[in-house]
There are 2 protein chains.
Amino acid sequence: MDTNQVSLICKALSDPNRLRIIQLLTYGEQCGCELLDQMQITQPTLSHHMKALEGCGLVSSRKKGKWNHYSLNCDQWTAFRDYIESIRCACISDEKGGCCCS
Amino acid sequence: MDTNQVSLICKALSDPNRLRIIQLLTYGEQCGCELLDQMQITQPTLSHHMKALEGCGLVSSRKKGKWNHYSLNCDQWTAFRDYIESIRCACISDEKGGCCCS
DNA sequence: ACGATATATTGATGATTGTCAATATGATTT
DNA sequence: AAATCATATTGACAATCATCAATATATCGT
């Protein structure tokens, strides 16, 4: 995953509502109305946020009948998580002589 | 670290230039002019970005004479990294029966 | 066919953002 | 004191964003 892609994902996560949605989806797939029940926003706003989360590849949607089921895109999230994890600060811990971020 | 703080950090990282600055600072403390040499932005823009990165607590600055030395705030970065790492998707891998994100 | 439900789109608005040129501040050197 | 260098601030502008009300689309149950 390259820098621009990471920035796009960070932009998607820069809204507390969207970060909350991601966390809700870690419990598994949910439809829009379920997500809506757990949040304090209107339905068009939720739709807008879901589009943003889909746009950066973090969320996938699966339409079944009336419902649209959203789920966290595991591969994309893992790639993002790995990227963030790979950034480590260079400071030295006094205690063990290693990096304090280890 | 709470959700709002994470969102603020994500917003700070949602600009590719700022993400790049964070990566440059993983090599250790650098002054503004050093950072500027490695980027394609003007000095006021760099100053603006550094303020944003300081504002969310990711970067600390230390003034010494003419120079302002910036460094990655290890504790804050680690807390952010841990938060992101703690978000795991619930999908099940077919291969080993565990979570594919492990 | 009709009403109800889930979701998407449109249009509008106020707020925030990234960027630069111009200028200011503050420290060092000559 | 004057010139130089590193950085910060101001002011401006175009672009993007989060949000909602209103409306549209699509699917299900009756």
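So you know, we letter chains A, B, ... as the sequences are listed, proteins then strands, and number each from 1. As the structure is a computational prediction, the values presented were derived from the model and not from experiment.
- No chain of hydrophobic side-chain contacts below 4.5 Å, direct or via other Ile, Leu, Val, Met, Phe, Trp or Tyr residues, connects B:Trp67 to B:Leu46.
- Between the CD1 atom of A:Ile21 and the C1' atom of D:dT19 there is a distance of 13 Å, given to the nearest Å.
- In this structure, B:Met39 atom CE and C:dC20 atom C1' are separated by 15 Å, rounded to whole Å.
- Applying the 4.0 Å criterion to OP1 and OP2 of D:dA8, one finds that B:Tyr70 has a side-chain N or O inside that range.
- Taking hydrophobic clusters as Ile, Leu, Val, Met, Phe, Trp and Tyr residues chained together by side-chain heavy-atom distances below 4.5 Å, A:Phe80 shares a cluster with A:Leu24.
- Dashed line: the shortest gap from a side-chain N or O of B:Lys63 to OP1 or OP2 of C:dG26 is not under 4.0 Å.
- Among the atoms of the strands shown, only primed sugar atoms or phosphate atoms (P, OP1, OP2) are found under 4.0 Å from some heavy atom of A:His49.
- The cluster map of Ile, Leu, Val, Met, Phe, Trp and Tyr, joined by side-chain heavy atoms under 4.5 Å apart, puts A:Ile22 and A:Leu36 in the same cluster.
- A straight line from NE2 of A:His69 to P of D:dT27 spans 14 Å, rounded to a whole angstrom.
- Neither OP1 nor OP2 of D:dA18 sits under 4.0 Å from any side-chain N or O of A:Asn17.
- Residue B:Thr45 places at least one side-chain N or O closer than 4.0 Å to OP1 or OP2 of C:dC20.
- Atom CZ in B:Arg18 sits roughly 12 Å away from atom C1' in C:dT19 (whole-Å rounding).
- Atom-to-atom, CG of A:Leu46 to P of D:dA18 comes out at 13 Å; the value is rounded to the nearest Å.
- A straight line from NZ of A:Lys51 to P of D:dT19 spans 16 Å, rounded to a whole angstrom.
- Residue A:Lys66 is the one, among A:Lys66 and A:Glu54, whose nearest nucleotide of DNA chain C lies closer to the 5' end (criterion: closest heavy atom).
- Considering only the side chain of A:Pro44, C:dA8 comes nearest among C:dA22, C:dT7, C:dA8.
- For the residue pair A:Glu54 / A:Ser60, no side-chain donor-acceptor distance below 3.5 Å is found, with atom types taken as modelled.
- Of all nucleotides listed (C:dT7, D:dA18, C:dG18), C:dT7 comes nearest to the side chain of A:Trp67.
- For A:Asn68, whose side chain is taken as the heavy atoms from C-beta onward, the closest listed nucleotide among C:dT7, C:dT19, D:dA6 is C:dT7.
- Distance CG (B:Leu19) to P (C:dG18): 13 Å, rounded to an integer number of Å.
- The neighbour count for B:Gln38 CD, taken as heavy atoms of other residues, nucleotides or ligands under 6.0 Å away, is above 12.
- When the side-chain nitrogen and oxygen atoms of A:Thr42 are compared with OP1 and OP2 of D:dT19, none of them lie within a distance under 4.0 Å.
- To the nearest angstrom, P of C:dG18 lies 5 Å from NE2 of B:His48.
- Each of B:Gln43 and A:Ala52 lies near DNA chain D, and the nucleotide nearest B:Gln43 is the one positioned closer to the 5' end.
- Within the nucleic acid shown, A:Lys11 comes within 4.0 Å of sugar-phosphate atoms alone, with no base atom in reach, counting heavy atoms only.
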